[in-house]
Amino acid sequence: MKRRNFLKNASLTGVGLAVGTTLVACAETTSEEKKSVDTSATNNNTKASLPLVIATWHVMDATAKAMEVLQAGGNALDAVEQGCMVEEANEKGQSVGKGGLPDRDGNVTLDACIMDKHGNCGSVVYLQNITHAVSVARKVMEDTPHVMLAGEGAKQFAISEGFQPEDLLTDASKEAWEKWKVEAKYKPIINIENHDTIGMLAIDKNGDISGACTTSGLAYKMGGRVGDSPIIGSGLFVDNEIGACVATGLGEEVVKTVGSFLVVELMRQGKSPQEACEEAISRIVNKPNSNFKDFQVGYIAVNKNGETGSYAIHQWFSMTKFQDGVNEQIQSDFFNKA
Ligand code: ASP
């Protein structure tokens, strides 16, 4: 993922990416990627031409892949799977797939899920040694009578489906883990890449919606820890009549509010995707004794009309959106402006 570079460069160049229309002027951003960062764009719902793809964070290669699938006449399900696979294979991204940061014992464990226009879904939990967790989740959906497979069973199923086992702990992630072990302090860090999920939602030319998400979860988590990302309704939810939502951030907080299902249900009640994401974040931050200052959660959503929204607790969450030939990063509005 390029998000960390994006943040680093923004601070180096002194560019304050304030809410409002601001040109992203970071050194490593190519001219093609220089786009207006306008949080009102999340609510600019006048153009809703199809197909369209949105994803959490700054993942333009992934959205480009998904759009390529859609433009070639592929369906939304193929698009979100192939889009997520781009980041799973990217060893430089340390929060997804190969190269993901390990748990505190040095094991890279992946969570992923996928959901189609019929409401079918599949997920894998605590999957080890298989890069493309999202594709295994799709196989669970399509080739088994189950929704969720975990751990060794998920791995053995993947192997039986032809996936090749491999070591997912890259030298860079091993080195980071070894440095972490010196102090061994466990703390999710807001907007620093010791966690992050790629979540992707697409609407194809037929107007059908699918979604997927994939993650290595929180870096240095307890062995066996599972986040929101493979939990249907928390990390992801799709209702082809209404819309879809996917989450990133501290999974425990998303699970406690069944966040993605909540966003879709709020859209069903008439809220726009933007309003629904904002309400779902307010359910987290307005809990009595919420320690929201210490963690990040972000949602992106799309409705059946192709209107989109994104919202987070803290600044620097962003959504990548590919529509009408434009692949752009949209800085998300956020709750904590104090
Ligand atoms: N939601 C993921 C988890 O809790 C991590 C993230 O998206 O930051 O495992």
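Counting starts at 1 for both ligands and their atoms, following the listed order.
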- prompt: Taking atom CG of L52 and atom CE of M67, what is their separation to the nearest 0.5 Å?
  reply: 6.5 Å

- prompt: Is the closest N or O pair between L250 and ligand 1 shorter than 3.5 Å?
  reply: no

message: Determine whether the aromatic ring centres of residues Y299 and Y311 are separated by less than 6.0 angstrom.
response: no

- request: Tell me which part of R225 gets within contact of ligand 1: side chain, backbone, both or neither, using heavy atoms under 4.0 Å.
  value: side chain

task: Applying side chain to side chain contact (heavy atoms under 4.5 Å, CB included), name anything that partners Q156, two or more places apart in sequence or on another chain.
output: E152, I159

message: Please list, in number order, the atoms of ligand 1 under 4.0 Å from a heavy atom of D228.
response: 1 (N), 2 (C), 3 (C), 4 (O)

message: What I'd like to find out is whether the side chain of R104 reaches to under 4.5 Å of the side chain of W180, using heavy atoms alone.
response: yes

NZ/NE/NH1/NH2 to OD/OE distance under 4.0 Å, E166 and K98: yes

message: Below 3.5 Å, N or O to N or O, backbone or side chain included: is there any such pair between T248 and ligand 1?
response: yes

- prompt: Where does A247 meet ligand 1, judged by heavy-atom distances below 4.0 Å: at the side chain, the backbone, both, or neither?
  reply: neither

- prompt: When only distance counts, is D111 in polar contact with ligand 1, meaning an N/O pair under 3.5 Å?
  reply: no

query: With atoms numbered from 1 as shown, which atoms in ligand 1 lie under 4.0 angstrom from a non-hydrogen atom of S229?
result: 1 (N), 2 (C)

query: Any N/O of D196 closer than 3.5 Å to an N/O of ligand 1?
result: yes

task: Would you mind checking if R225 and E252 are paired as a salt bridge, meaning a charged N to carboxylate O distance below 4.0 Å?
output: yes

Check ion pair E142-K139 (N to O, under 4.0 angstrom): no

- prompt: For ligand 1, is there an N or O atom under 3.5 Å from any N or O atom of G249?
  reply: yes

